[in-house]
Structure formats: structure tokens, C-alpha cells
Amino acid sequence: MAERIYPGDSPPSSGEHSNPKPAPPSSDKPIPQPGTYVVQIPKDQVYRVPPPENARRYAHLSKRKSSRSTCCRCCCCLLTTILSLLLAAAIAAAVIYFVLKPEAPNYSVESVAIKGFNLTSPSPLSPEFDVTVRADNGNDKIGIYYEKGSSVNVYYQDVNLSNGALPVFYQPTNNVTLFKTALKGSGIELTAASLRSISNDQSKGTVPFTLKLRAPVKIKAGSVKTWKITVKVTCKITVDKLTAASKIVSKDCDYGVDLW
């Protein structure tokens, strides 16, 4: 008859017939209490799958990152296109330059005839300037169309004395053109200081004026004609007297272009 073993009893002696179970191996990990469970989840699933309470925020952040990425790609494509166009334009300009070898035309004032200056009268002045301008186009393959809308003005100090315009014409390659333009002013009132100054200049034989020329032109190269380009010429000229027989004592002209 087998013996009953109750909790708290001492283990049987070596002579007794018993078959005790081996003791479980010791472990440093805590043994869960009855009724609890340990669930192991792979690390990648912890980061990739948000908890339900953060799912909406995760979806919003993911969408914003996708939008930023698309925007960056669009900006890169646009920048690449702009750089490609600029490079193509630079190459085309270089080819045109080496093929046509353009040279800037030269402008100068050849003569000036002055009328309408009565410095002894207190009445307003009506000065007239007959100006002869020399235009030298030294290009072998480029012609110049002088369009409507030009202006020529003569200044003494900061006072606009007279104004006019250039004729409309075409200047072919390797051509020098002299054109005379009549500039007129009306009701010009000079201050007492300006009258004294211009009288003193005339007595010295050195009356300075500034001529400003603005002309819209089109450049023709072969069968191609460009858009309107504004030629800007500023000449500082000095005459010996204020008469029709005046002579130019000195002159200096600067040339510029507005491409747009």
C-alpha cells in the first residue's frame, strides 16, 4: 500500500520506495506569477505598427513627409530645367558672337548751329540747335534699323533747352551715316545765376552742353531681326559761341544699350 505524502512532510529516506522528480534548472529570469503572460513582439513591428490611439497622427505625418518629398523632387526638376536653358542660351550666344563678331556702333557730334539765345533780354528763350550726328556701323554682317520713338535733348547744366528726334532709316553694314536733326525749345526761363554763368562761359569761348540721344533700334543679322533695343548716347560738347557759326571746341560721347 502506497504512502501518502502531505505538504510539509519531510522527504522520504533513501530506503523508501519513491521516484522523486528532478529539480528544475535555476534561472536568473523572473518566473511569471500564475495568470500572467509574456508576449514577445519583433522590434520592427513595434516601430512600424503604431498603437491605435496614435494611428491617425501617424497617417498624417506619413502624408506630410510624402508631400515634402514630392515638392523637393519638383523643385529639383525645375532647377535642372532652368540651368539647362541658361546653358543652352549661353552656348547660343557664344556661337552668335563668334560667327557674327558684333561691334558696337560709334556715335559722335560733328557740328552744332545755335540760334535763339538773346542773353540781354529778360524774356524767355526759344533756343534752336541744328545738330549733325555721325553714326558709324563697322559690322560686316549686322545692319541697324532706327525706329520711331527716338529723342534728342540738349541741356545746359540741368536745364533742358531743346528737344527733337532722329529720322527713321536703315543703316547697312560697314556704313557711315551723317544725319542732321533740328532741336527746338520754347519758353525756356533761366535763373539769374544760370544767365550769368552762360554769359561768362561765352566770354571765355567755352560754353558746355550735354546732348542725350535715345533711339529704339532693331538689329538685322542675315534674315533675322531682333526685338527693339534702346541705344543710349550721351555727349558732352563745348562750343565757342552761341551763334549759327559756332564751332565745337571739345566733345566726348559715351554709348550704352538697354536690351529690354
Side-chain angles (χ1 to χ4, degrees), residues 104-137 144-171 175-218 227-260:
N106 294 320
Y107 298 92
S108 63
V109 178
E110 293 298 300
S111 63
V112 178
I114 303 173
K115 295 179 291 184
F117 269 95
N118 187 359
L119 302 180
T120 60
S121 174
S123 60
L125 303 176
S126 296
E128 298 182 13
F129 291 79
D130 292 334
V131 181
T132 301
V133 179
R134 174 190 171 100
D136 185 359
N137 179 18
I144 303 174
Y145 285 94
Y146 289 83
E147 304 284 331
K148 294 181 179 179
S150 63
S151 64
V152 184
N153 296 273
V154 174
Y155 295 84
Y156 177 75
Q157 296 177 351
D158 293 331
V159 181
N160 188 356
L161 299 176
S162 59
N163 55 78
L166 297 180
V168 176
F169 69 99
Y170 171 71
Q171 186 177 25
N175 174 264
V176 176
T177 299
L178 296 175
F179 49 87
K180 182 179 292 186
T181 178
L183 312 177
K184 296 183 179 181
S186 178
I188 306 300
E189 295 185 0
L190 296 177
T191 63
S194 296
L195 286 172
R196 287 194 302 269
S197 177
I198 198 170
S199 297
N200 292 333
D201 292 337
Q202 183 172 221
S203 64
K204 297 176 184 177
T206 55
V207 185
F209 293 105
T210 301
L211 182 142
K212 293 184 178 181
L213 184 152
R214 302 292 183 267
V217 302
K218 289 184 178 181
W227 60 94
K228 283 186 179 181
I229 299 171
T230 302
V231 173
K232 303 187 300 181
V233 180
T234 301
C235 293
K236 294 185 180 298
I237 58 177
T238 302
V239 298
D240 59 347
K241 51 190 172 181
L242 302 173
T243 65
S246 63
K247 295 181 180 180
I248 296 177
V249 176
S250 65
K251 58 185 177 181
D252 182 22
C253 293
D254 291 330
Y255 169 80
V257 172
D258 282 341
L259 295 178
W260 310 106

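Here the structure is a predicted model, which means the values were calculated and not measured.
- In this structure, Asp258 contributes its side chain and Thr230 its backbone to no donor-acceptor pair below 3.5 Å.
- Summarising the geometry of Cys253 relative to Ser108, their closest heavy-atom pair is SG-CA, 3.9 Å, with the distance given to 0.1 Å.
- The closest side-chain heavy-atom distance from Val249 to Val239 is not below 4.5 Å.
- In this structure, Ser151 contributes its side chain and Ala165 its backbone to no donor-acceptor pair below 3.5 Å.
- Here the two rings, on Phe179 and Phe169, have centers that are under 6.0 Å apart.
- Counting all heavy atoms, side chain and backbone alike, Ile188 lies closest to Leu161 at CG1-O, 3.6 Å.
- Side-chain contact between Lys184 and Asn163: absent, with no pair of heavy atoms (C-beta onward) separated by less than 4.5 Å.
- Across all non-hydrogen atoms, the minimal contact from Ala244 to Ala113 is O-CB, 3.5 Å.
- In this structure, Phe209 has its ring center at least 6.0 angstrom away from the ring center of Tyr155.
- Under a cut-off of 6.0 angstrom, the local environment of NZ in Lys218 is crowded, with over 12 non-hydrogen atoms contributed by other residues, nucleotides or ligands.
- Side-chain atoms of Tyr255 and Tyr107, non-hydrogen and from C-beta on, do get closer than 4.5 Å to each other.
- Residues Val154 and Thr210 fail the side-chain proximity criterion, which asks for heavy atoms closer than 4.5 Å.
- Side-chain contact between Val109 and Ile248 is present, with heavy atoms from C-beta onward closer than 4.5 Å.
- For the residue pair Asn118 and Thr120, a side-chain donor N or O sits within less than 3.5 Å of a side-chain acceptor on the partner.
- Atom NZ of Lys228 sits about 14.0 Å away from atom OH of Tyr145, to the nearest 0.5 Å.
- Judged by distance alone, the side chain of Trp260 and the main-chain N or O of Ile229 form no donor-acceptor pair under 3.5 Å.
- By the 4.0 Å N-to-carboxylate-O rule, Lys180 lies too far from Asp130 to be salt-bridged with it.
- Distance check: Lys232 NZ to Lys212 NZ gives 10.0 Å after rounding to the nearest 0.5 Å.
- Under the 3.5 Å distance criterion, with hydrogens and angles disregarded, a donor-acceptor pair is assigned to the side chains of Asp201 and Tyr156.
- In terms of heavy atoms, Tyr146 sits closest to Pro167 at CB-O, 4.2 Å.
- The closest side-chain heavy-atom distance from Ile114 to Pro127 is not below 4.5 Å.
- Side-chain contact between Ser199 and Leu119 is present, with heavy atoms from C-beta onward closer than 4.5 Å.
- Looking only at distances, no side-chain donor or acceptor of Ser246 sits under 3.5 Å from a matching main-chain atom of Leu242.
- With Asn200 contributing its side chain and Arg196 its backbone, the two residues share a donor-acceptor pair below 3.5 Å.
- Checked by atom type, the side-chain pair Ser194/Thr191 shows a donor-acceptor distance below 3.5 Å.
- Between Lys236 atom NZ and Ser250 atom OG the span is 11.0 Å, to the nearest 0.5 Å.
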Kindly determine whether Arg214 and Ser150 satisfy side chain to side chain contact (heavy atoms under 4.5 Å, CB included), including the steps that lead there. CA-CA 5 Å; Arg214 302 292 183 267; Ser150 63; over 6 Å; no
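- Side-chain contact check for Val152 versus Leu166: some heavy-atom pair is nearer than 4.5 Å.
- What you find for Val112 and Phe129 is that their closest heavy atoms are CG1-CD2, 3.8 Å.
- Among all heavy-atom pairs drawn from Lys148 and Val168, the shortest one is CG-CG2, 3.6 Å.
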Go through the steps for Glu110 and Lys251 under the test salt bridge (charged side-chain N to carboxylate O under 4.0 Å, His left out), then give the verdict. CA-CA 9 Å; Glu110 293 298 300; Lys251 58 185 177 181; 3.7 Å; yes
Test log, rule side chain to side chain contact (heavy atoms under 4.5 Å, CB included), inputs Asn153 and Leu183: CA-CA 7 Å; Asn153 296 273; Leu183 312 177; over 6 Å; no
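- Taken from CG in Leu190 to CG in Leu125, the straight-line distance is 5.0 Å, to the nearest 0.5 Å.
- Side-chain atoms of Gln202 never come within 3.5 Å of backbone atoms of Thr206 as a donor-acceptor pair (strictly under, hydrogens ignored).
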List the steps, then state whether side chain to side chain contact (heavy atoms under 4.5 Å, CB included) holds for Arg134 with Val176. CA-CA 7 Å; Arg134 174 190 171 100; Val176 176; 3.6 Å; yes
